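Some notes on the structure that comes next.
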Number of protein chains: 2
Amino acid sequence: MSDVAAPVAALVEELSKLPGVGVKTAQRLTFFILRSPNDQARRLAEAILRVKESIIYCSRCYNITETDPCPICSNPGRDQDSICVVEEPLDVLALEKTGVYKGLYHVLHGALSPLNGVGRKDIRIDELLKRLSAGNVREVILATNPGFEGDYTAGVIKDDIKSGIAAPLRVTTLARGLPLGSDLEYADEGTLSRALEGRREI
Amino acid sequence: MSDVAAPVAALVEELSKLPGVGVKTAQRLTFFILRSPNDQARRLAEAILRVKESIIYCSRCYNITETDPCPICSNPGRDQDSICVVEEPLDVLALEKTGVYKGLYHVLHGALSPLNGVGRKDIRIDELLKRLSAGNVREVILATNPGFEGDYTAGVIKDDIKSGIAAPLRVTTLARGLPLGSDLEYADEGTLSRALEGRREI
């Protein structure tokens, strides 16, 4: 890259720090940006700066927001007695898109992972227990990702709630089973076992 | 996305304009940027702005550069009698990495594509012919991409040179054949045909 202009090399380097972006992809993106209209590139750069300047975490649910509390926590139209616990802000996005859930959220910002050294002080479990001990909540939906770390995290939180919270509290998780449009033939064993266990009369 | 903070939605939108980046990837990148240190995000934004401000096209070879003529064109140590014709600046990068080629380049900025309405006025063919008519060049290597559009472009340039340039000029293309480390069993027909046609005595 000796004869490559320094600003090009710099942009390739910065882009290749993004997740899932290798050097080849970073080069392609760099040349795309080089060729794109000036104001499109400027809008991208400004969007990056603005997101860092204006986004904070909600002091109640820890979702990302511009205002504290966030629009969901401060919306009186939402069920105040239900909290859905998710790993990441992206999960809130996905659930909101369904339009099915009308309660509040709690974003853990990760899942417990003893192998990777992620313990309970690294994610927002204690903040959740504190919210629950206030006593207004009647259902906690543990919507961590299906898989080892997510399931383990949900288990730990369930145990914490059962042993520490006096109020009568329903603790649920999302249903496991075959995804819509999937092919039984290609479903993995775990998914198929859960689908069988969770079968319903029709 | 109604309850998503506007700066987040804006960054997702700008990122999803990049090639190969869908909405899901744009969301992942956005949340990565949100979580990355402030100065890393600022470096990325600044690299985008700087590349647009400082990069120009070399008036001789049309490669990207900060100075005109570019470092390759203005390097007296390079063979001035050889021009390697490529489609994109990324191709110059790839060839330079081999360290094998010591001559000059000419970047077409595309390939002829009648189906997509890309004609000879849209890429830098006439500029190449003008360079060649100056008479100092002895070899033109047509290093367009192997494939319909690249081969067609190389054919058109070859015909133009043969009919229009008086000076004796060697016109070559890169060898076609099996890539290193590939598996004969999985090679496509076209590659295998070219490899057979181009077989060499050992």
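Being a predicted model, the structure only gives us computed values, none of them experimental. What you see below is based on every heavy atom in this structure, not just the backbone, and it leaves out hydrogens, waters and symmetry mates. Just so we're on the same page: letters track the sequence lines, and every chain starts at 1.
Of the two parts of A:Gln40, the backbone and the side chain both hold a non-hydrogen atom closer than 4.5 Å to a non-hydrogen atom of chain B. Contact of B:Ala94 with chain A is not made at all, since no heavy-atom distance falls under 4.5 Å.
A 6.0 Å sphere centred on CZ of A:Arg138 holds no more than 12 heavy atoms belonging to other residues, nucleotides or ligands. Counting heavy-atom neighbours within 6.0 Å of B:Tyr152 OH, excluding the residue itself, gives a total of 12 or less.
Looking only at heavy-atom pairs under 4.5 Å with chain A, the residue among B:Thr65, B:Ile48, B:Val92, B:Thr25 that has the most is B:Ile48. Among the candidates B:Pro89, B:Gly20, B:Ala10, the residue making the largest number of heavy-atom pairs closer than 4.5 Å to chain A is B:Pro89. Highest contact tally toward chain A, considering only B:Leu49, B:Leu34, B:Thr67, B:Leu15, is held by B:Leu34 [criterion: heavy-atom pairs under 4.5 Å]. Between chain A and the residues B:Arg42, B:Glu53, B:Lys17, the most heavy-atom pairs under 4.5 angstrom are made by B:Lys17.
At least one side-chain heavy atom of A:Ser36 sits under 4.5 Å from a side-chain heavy atom of B:Lys52.
Within the model, atoms CD of A:Glu46 and CD of B:Glu14 stand 9.5 Å from one another, a figure rounded to the nearest 0.5 Å. Atom-to-atom distance recorded for B:Leu90:CG and A:Phe32:CZ is 13.5 Å, nearest 0.5 angstrom.
The side chain to side chain donor-acceptor pair (under 3.5 Å) test applied to A:Arg194 returns no partner, not counting sequence neighbours.
For the residue pair A:Val51 and B:Pro7, the shortest heavy atom distance occurs at CG2-O, 3.6 Å. The shortest heavy-atom contact between B:Ala6 and A:Glu66 is N-OE1, 3.6 Å.
Taking non-hydrogen atoms and a 4.5 Å limit, the residue list of residues 99-115 of chain A in contact with chain B, ordered by number, reads A:His109.
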With salt bridge (Lys or Arg N to Asp or Glu O under 4.0 Å) as the criterion, how do B:Glu88 and A:Arg35 come out once you've worked through the C-alpha distance, each side chain's angles and the decisive distance to 0.1 Å? CA-CA 11 Å; B:Glu88 303 291 349; A:Arg35 217 165 272 148; 2.6 Å; yes
